[in-house]
Amino acid sequence: MNLDFLNESQRQAVLMTDGPVMILAGAGSGKTRTLVARIQYLLEEKRVSPFQVLAVTFSNKAAREMRERLACNTEINVGALQVTTFHAFCAKVLRMEATYLGLSKNFTIYDDGESHSIIKAILNKRGINPKELSPYTIAAFIDGLKNLGYYIGLTRSAEVEKFAEDKRLFDIFLDYEAELHRSNAVDFGGLITGVLNLFKSYPEVLQKYQQKFKYVLVDEYQDTNRAQFDLILQLSQHHRNLCVVGDEDQSIYSWRGADIRNILDFENVFPEAKLIKLEQNYRSSKRIIEAASEVIARNVARKGKQMWTDNEEGEEIRIIECRDDKAEAEFVGQEIRKLYQKGISLKDVAVFYRNNAHSRTIEDALRKEKFPYRVVAGIKFYDRKEVKDMISYMRVVVNKKDSLALTRIINTPARGVGATSLRKLEDEAVRLQLSLFELIEKIVEAPADFKHLSLSGKVNSAINQLVHLIQEVQILESQNHSPSFSYEKLLNESGYFEVLKADKSYEGAARLENLEELMSAIKQFEDSETEPTLVKFLETITLDTTVSEDGSSDQVSLMTVHGSKGLEYPYVFLIGIEENIFPSYKSLEVGPTAIEEERRLFYVAMTRAMKQLTITFAQGRLLWGSLKFNGPSQFLQEIPSQYYKWDFYQTGSKKAQFDSYSKYDDFDQTPSHQDDVYHTEKVYQSKRPVVTSANYPSGSKIIHALYGEGTVLDSEGMGQDEKVTIMFRDGIRKKFMVKFAPLQKV
C-alpha cells in the first residue's frame with residue numbers, strides 16, 4: 001500500500017497499529033483521510049479480517065463517508081467491516097443478546113417524543129403537575145444519568161451520587177426504566193447503558209466481543225461521554241489495540257454529555273499509549289491558523305498542539321465594530337454583495353452565530369439584497385414553530401376570518417381542545433358559513449345555542465379564555481397601542497411563555513430566544529414606522545419572507561457555530577462576538593471550565609475559514625426588545641494585533657470607515673441568558689404511491705369551505721375511504737376524510 005499521499009505524522013498514525021494510540025488531529029489536518037488509510041492498511045498489509053475491525057463515530061453521515069472511501073480505495077470486500085455509530089452498534093449487540101436482559105429481540109427503540117409520553121404518564125400517576133415539574137427537566141436528568149453510564153443495579157459512583165441528589169427525580173427515573181422494561185423497549189441512552197449492563201452482568205458475553213474485535217477505532221473521540229468511554233474501554237481490554245482520533249481543542253458538546261476528560265486522561269488509563277499529533281493544517285491561511293492558535297493556547301485543559309500550514313499568508317482578519325445589530329446585518333449583506341460582484345460564488349460564503357435566534361437580522365439583510373440562503377442544521381427564522389405560533393396569534397387578532405391561523409393556536413399551548421373537538425367546531429363553522437373565530441365568539445356569547453356540539457367544560461373554558469384574550473388585544477389595537485405591547489400580552493396571557501419557561505431543555509431555551517428575537521423584530525419595525533400597527537408588521541414580514549429563491553445550490557450558508565463543526569468555507573462572517581453572547585452569559589456564571597469550552601467554540605469558528613475571516617460585533621444590540629451594551633468579547637482581545645485590522649462600520653455608508661477602538665465605560669451588563677441549541681422542526685410527508693383512481697389525486701388544486709385554497713400532497717384509499725393530505729397557504733398541512741370534508745376541485 002502506497003502511503004506517499006500522507007505527511008510524516010499521518011504515516012506514523014497509519015503504521016502504529018499495535019497497542020493503544022491517540023491521534024490528536026488538529027483542525028483541517030486530514031483526520032478522515034488518515035483514519036481511512038489506517039483501516040485500509042490493517043486490511044491490506046496486516047491481513048486483518050474485516051470481521052475483526054470495529055470503527056465507531058457519531059453520525060450516520062460520517063460512518064457512511066468512511067465506508068464509501070474504503071470501498072473506493074481497496075479491492076477487499078468491506079461489507080463485513082463494522083463502520084458504524086455508537087448507538088447502531090449497541091442496538092445490534094442488544095438484538096443479538098436481548099434475552100440476557102429480559103428483552104425480546106424485537107424490542108422497540110423509543111424516540112424523544114415517546115420517552116416524554118412515558119414521563120408525562122408517570123407524572124400524572126403520581127399526581128404531579130407538569131407545570132410544577134417539567135417533563136423536559138426529568139428527561140434531561142435521565143439523559144444525564146445515562147451519559148454517566150449509570151443503569152439500575154450498578155453501584156453509584158461519587159459523580160452519580162452527586163448528580164442524583166434529588167430523590168424525587170431519581171424515583172421517577174426508576175419508574176421510567178420499569179415502564180420501558182414492561183414495554184419491551186429502550187431509549188437512545190439505554191442502548192449504551194444496556195450493553196454496559198450486559199457486559200458487567202455476563203462476563204462471557206463481554207469476552208466474546210473482546211475476542212471478536214481485534215482492532216477498535218474511535219472517531220471524534222473528544223465528543224464521547226463517560227458511558228461511551230466505558231464501552232470502548234471494555235471492548236479493547238483484551239487486545240488493547242485501541243486507536244482514538246480527536247482534538248481536545250474542538251470539544252464543544254459538554255451540554256449533551258461530552259466529557260473532555262476522556263481525551264485528557266487517555267494516557268493515564270493506557271500508560272503504554274503512543275501519542276501522535278497531526279499539526280499541519282491544509283485548510284486555512286497562515287494568518288487565520290496562527291491567530292486561532294494564539295487564542296486556544298490560553299486554555300489550560302488541553303494536550304497542546306502547535307498548528308501550522310504551508311498555505312499562503314492570506315488576508316488580515318477583519319474585526320468590524322458596528323453601531324447596532326441592524327448595522328451589523330447591513331454590513332454583512334453589503335460585503336456579501338461585494339464578494340458576489342467579484343465573481344465569488346454564494347456557496348463559498350457562510351455566516352456563523354452563537355445562537356439560532358441571531359439568524360433573524362442576517363436573514364432580513366439577505367432578503368433585502370435578494371440573495372438566496374439556507375439555514376444549515378436548522379430552519380429559517382420565520383419558519384420556526386414558536387415564531388409561526390405567535391405570528392398566528394397576531395394574525396387572528398387582525399383578521400378573525402383567518403381560520404387556518406386559529407387552528408394552529410387553538411390548542412397551543414395545550415388547552416384540551418383536541419382533534420375531535422376541533423372537528424366538531426370545523427363542521428359547525430362550515431354549516432353556519434362562519435369562520436372558526438366567529439363561531440367560537442358565538443359559542444362564548446350564547447353557549448346554550450350550541451349544546452348540540454356536546455363540548456366538554458374544559459373545552460368551553462379554553463375557548464372562553466382564548467376569545468377574551470383576542471378581543472382584548474383587538475381593543476388595544478383600536479386604541480393605537482404599540483404592536484410590541486400587544487405581542488407581549490399575547491405571549492404572556494396565552495400561557496405560551498410560561499410553558500416554554502418551564503421547559504429547561506436546550507430546545508426550550510432556544511425557543512425562548514427566538515421569541516425574544518421576534519420582540520426585537522417588532523421593536524425595530526416600530527422604530528421605522530410613524531404609525532406602527534400589527535397589520536403593517538404582519539404585512540412587512542409576509543412580503544419579506546415570500547422573496548423567491550432560485551432553488552440552486554448557490555446559496556449563502558447560515559448556521560450556529562456548533563453546526564459549523566466539520567465544515568469549511570473560503571469566506572466566513574462570524575457575527576455577534578460580544579460579552580454575554582460569545583462567551584455566553586451562562587458560561588460567565590459557571591466559570592473557567594465553561595469559558596474554556598466557549599473559547600474552543602470560538603476556535604472552531606475561526607478555523608472553518610479558508611481565505612477570509614470577518615468578525616463583527618455591535619456596540620448595542622436589541623435583546624427582548626431592549627437595547628443592551630455588552631461590549632466586545634474577551635476573545636477578540638486575545639487575538640494578537642498583528643493578525644487583524646479593526647474597523648468601524650458607519651450605517652448607510654458605502655464603505656467601512658476607520659475609527660479608534662471604542663472604549664466601553666458604562667454599559668448595561670443585563671444578562672442575555674443566551675445558549676445554543678440544535679432546533680430542527682421535522683415535517684414528515686407520506687411516501688405512499690399515488691392512487692391514480694382517487695377523486696383527489698396528488699397535485700390537485702382544491703378549495704376548502706373553511707380554509708380556502710390548497711394543494712393535495714397525498715391521497716390514499718378510494719371511494720368512501722379516500723383520505724387526502726392538503727397543504728394550504730403558509731405551508732399548513734391538514735388531513736381529511738374526503739366523504740366528510742367540504743372540498744371542491746378548482
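Quantities reported herein were computed from a predicted structural model and do not represent experimental measurements. Side chains included, hydrogens not; waters and symmetry mates left out as well; all remaining heavy atoms used.
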- At what distance, to the nearest 0.5 angstrom, does CG of L706 lie from CD of Q433? 11.5 Å

- Does the salt bridge (Lys or Arg N to Asp or Glu O under 4.0 Å) test come out yes or no for K401 and E438, once each step is laid out? CA-CA 7 Å; K401 292 186 178 294; E438 289 170 335; 2.9 Å; yes

- Query: Can you tell me if H116 uses its side chain to pair, donor with acceptor, with the backbone of P135 under 3.5 Å?
  - Reply: no

- Return yes if some donor-acceptor pair links the side-chain N/O of R599 with the main-chain N/O of I296 below 3.5 Å, else return no. no

- Query: Parallel, tilted or perpendicular: which fits the ring planes of H704 and F728, with parallel below 30° and perpendicular above 60°?
  - Reply: perpendicular

- Message: Could you walk me through whether Q471 and E441 satisfy the side-chain hydrogen bond (donor to acceptor under 3.5 Å, both in side chains) test, starting with their C-alpha distance in whole Å, then the side-chain angles of each, then the deciding distance to 0.1 Å, before giving a yes or no?
- Response: CA-CA 9 Å; Q471 288 175 340; E441 274 188 316; 3.1 Å; yes

- Between the main-chain N or O of I475 and the side-chain N or O of S478, is there a donor-acceptor pair closer than 3.5 Å? yes

- Message: I'd like to know whether S486 forms a side-chain hydrogen bond (donor to acceptor under 3.5 Å, both in side chains) with E477, so could you lay out the CA-CA distance, the side-chain angles of the two residues, the decisive distance to 0.1 Å, and finally the verdict.
- Response: CA-CA 7 Å; S486 297; E477 280 294 290; 3.2 Å; yes

- Query: Between E498 and K501, is there a salt bridge with N-O shorter than 4.0 Å?
  - Reply: no

- N399 side-chain N/O to R395 backbone N/O, donor-acceptor pair under 3.5 Å: no

- Query: At what distance, to the nearest 0.5 angstrom, does CG of L406 lie from OH of Y393?
  - Reply: 9.5 Å

- Name the one of Y353, F602, F617 that satisfies ring pair (Phe, Tyr, Trp, His ring centres under 6.0 Å) with F582? F602

- Is the backbone of S584 close enough, under 3.5 Å, to the side chain of E598 for a donor and an acceptor to pair up by distance? yes

- Query: Quick one: does D402's side chain have a donor or acceptor within less than 3.5 Å of a partner on V396's backbone?
  - Reply: no

- Can you tell if the side chain of K489 reaches within under 4.5 Å of the side chain of L469, non-hydrogen atoms only? yes

- Note on the structure: Closest non-hydrogen contact found for I639 with Y644 is O-CE2, 3.1 Å

- Note on the structure: Smallest heavy-atom separation, A618 atom then D324 atom, equals CB-C, 3.5 Å

- Is the side chain of E579 donor-acceptor paired with the backbone N or O of Q634 at a distance under 3.5 Å, no angle test? yes

- Task: Answer yes or no on whether K388 is positioned over the face of Y382, meaning its NZ or CZ is under 6.0 Å from the six-membered ring centre and within 45° of the axis.
- Result: no

- Message: Checking N464 against H468: is there a side-chain donor and acceptor pair closer than 3.5 Å?
- Response: yes

- Message: Just checking K611: does its NZ atom have more than 12 heavy atoms from other residues, nucleotides or ligands closer to it than 6.0 angstrom?
- Response: no

- Rounded to the nearest 0.5 Å, what's the gap from NZ on K523 to CG on L627? Could you check? 11.0 Å

- Message: Go through it in stages, so that I can follow the logic: the residues are E294 and Y643, the test is side chain to side chain contact (heavy atoms under 4.5 Å, CB included), and I'd like the CA-CA distance, side-chain angles, deciding distance and then a yes or no.
- Response: CA-CA 10 Å; E294 290 282 350; Y643 296 115; 4.1 Å; yes

Please list, one pair per line, the donor and acceptor atoms closer than 3.5 Å that link side chains of residues 339-352 to other protein atoms, with sequence neighbours excluded.
unit_1, atom_1, unit_2, atom_2, d
S345, OG, K347, N, 3.4
S345, OG, D554, OD1, 2.5

- Heavy-atom count around E709 CD within 6.0 Å, excluding the residue itself: above 12? no

- Could you tell me whether Q479 atom CD has more than 12 heavy atoms of other residues or ligands within 6.0 Å of it? yes

- Item | Contact summary for S134 and A502, nearest pair of heavy atoms | CB-O, 2.9 Å

- Message: I need the I702 CD1 to T711 OG1 distance, nearest 0.5 Å.
- Response: 7.5 Å

- In terms of heavy-atom contacts, T407 and E426 come closest through CG2-OE2, 4.4 Å

- Message: What verdict does the side chain to side chain contact (heavy atoms under 4.5 Å, CB included) test give for K586 and W255, after you've listed the backbone C-alpha separation in whole Å, the side-chain angles of each residue and the deciding distance to 0.1 Å?
- Response: CA-CA 12 Å; K586 288 182 180 178; W255 50 273; over 6 Å; no

- Side chains of S484 and E526: is there a donor and an acceptor less than 3.5 Å apart? yes

- Query: Are any non-hydrogen side-chain atoms of Y707 and L436 less than 4.5 angstrom apart?
  - Reply: yes

- Item | NZ/K368: more than 12 non-hydrogen atoms of other groups inside 6.0 Å | no

- Task: State, with a plain yes or no, whether a side-chain heavy atom of K628 is found less than 4.5 Å away from one of R621.
- Result: no

- Item | Option among E321, E328, Q334 that satisfies the side chain to side chain donor-acceptor pair (under 3.5 Å) test with Y649 | Q334

- Message: salt bridge (Lys or Arg N to Asp or Glu O under 4.0 Å) for E597 and R600? Distances and angles first, verdict last.
- Response: CA-CA 5 Å; E597 177 154 338; R600 292 194 291 270; 3.6 Å; yes

- If you take all heavy atoms of I575 and H358, which pair is closest and at what distance? CD1-O, 3.9 Å

- Task: Check whether any side-chain heavy atom of R283 lies under 4.5 Å from a side-chain heavy atom of R608, and answer yes or no.
- Result: yes

- Any side-chain heavy atom of M390 sitting closer than 4.5 Å to one from L518? yes

- Task: Quick one: pull up CG in L366 and CD in Q555 and give me the separation to the nearest 0.5 Å.
- Result: 11.0 Å

- Query: Looking only at heavy atoms, which two atoms of N630 and E578 are closest? And how far apart?
  - Reply: ND2-OE1, 3.8 Å

- Message: Measuring only between side-chain heavy atoms, which start at C-beta, is I522 closer than 4.5 Å to M394?
- Response: yes

- Query: Can you tell if the side chain of T361 reaches within under 4.5 Å of the side chain of K326, non-hydrogen atoms only?
  - Reply: no

- Message: Working note: S494 + R415, criterion side-chain hydrogen bond (donor to acceptor under 3.5 Å, both in side chains); need CA distance, chi angles, decisive distance, verdict.
- Response: CA-CA 10 Å; S494 65; R415 301 183 174 91; 5.0 Å; no

- Message: What verdict does the side chain to side chain contact (heavy atoms under 4.5 Å, CB included) test give for H562 and L601, after you've listed the backbone C-alpha separation in whole Å, the side-chain angles of each residue and the deciding distance to 0.1 Å?
- Response: CA-CA 7 Å; H562 279 100; L601 190 58; 3.6 Å; yes

- Item | Step-by-step side chain to side chain contact (heavy atoms under 4.5 Å, CB included) determination, T560 to R354 | CA-CA 5 Å; T560 64; R354 178 62 181 83; over 6 Å; no

- Begin with the C-alpha distance, continue with both residues' side-chain angles, and end with the deciding distance and a verdict on side-chain hydrogen bond (donor to acceptor under 3.5 Å, both in side chains) for R360 and Q524. CA-CA 12 Å; R360 197 267 307 173; Q524 286 183 341; 3.0 Å; yes

- Would you please say whether a donor-acceptor pair under 3.5 Å links the side chains of S359 and R384? yes

- If you measure from CZ on R318 to CD1 on I615, what distance do you get to the nearest 0.5 Å? 11.0 Å

- Query: Would you call I362 and L558 a side-chain contact if the rule is heavy atoms closer than 4.5 Å?
  - Reply: yes

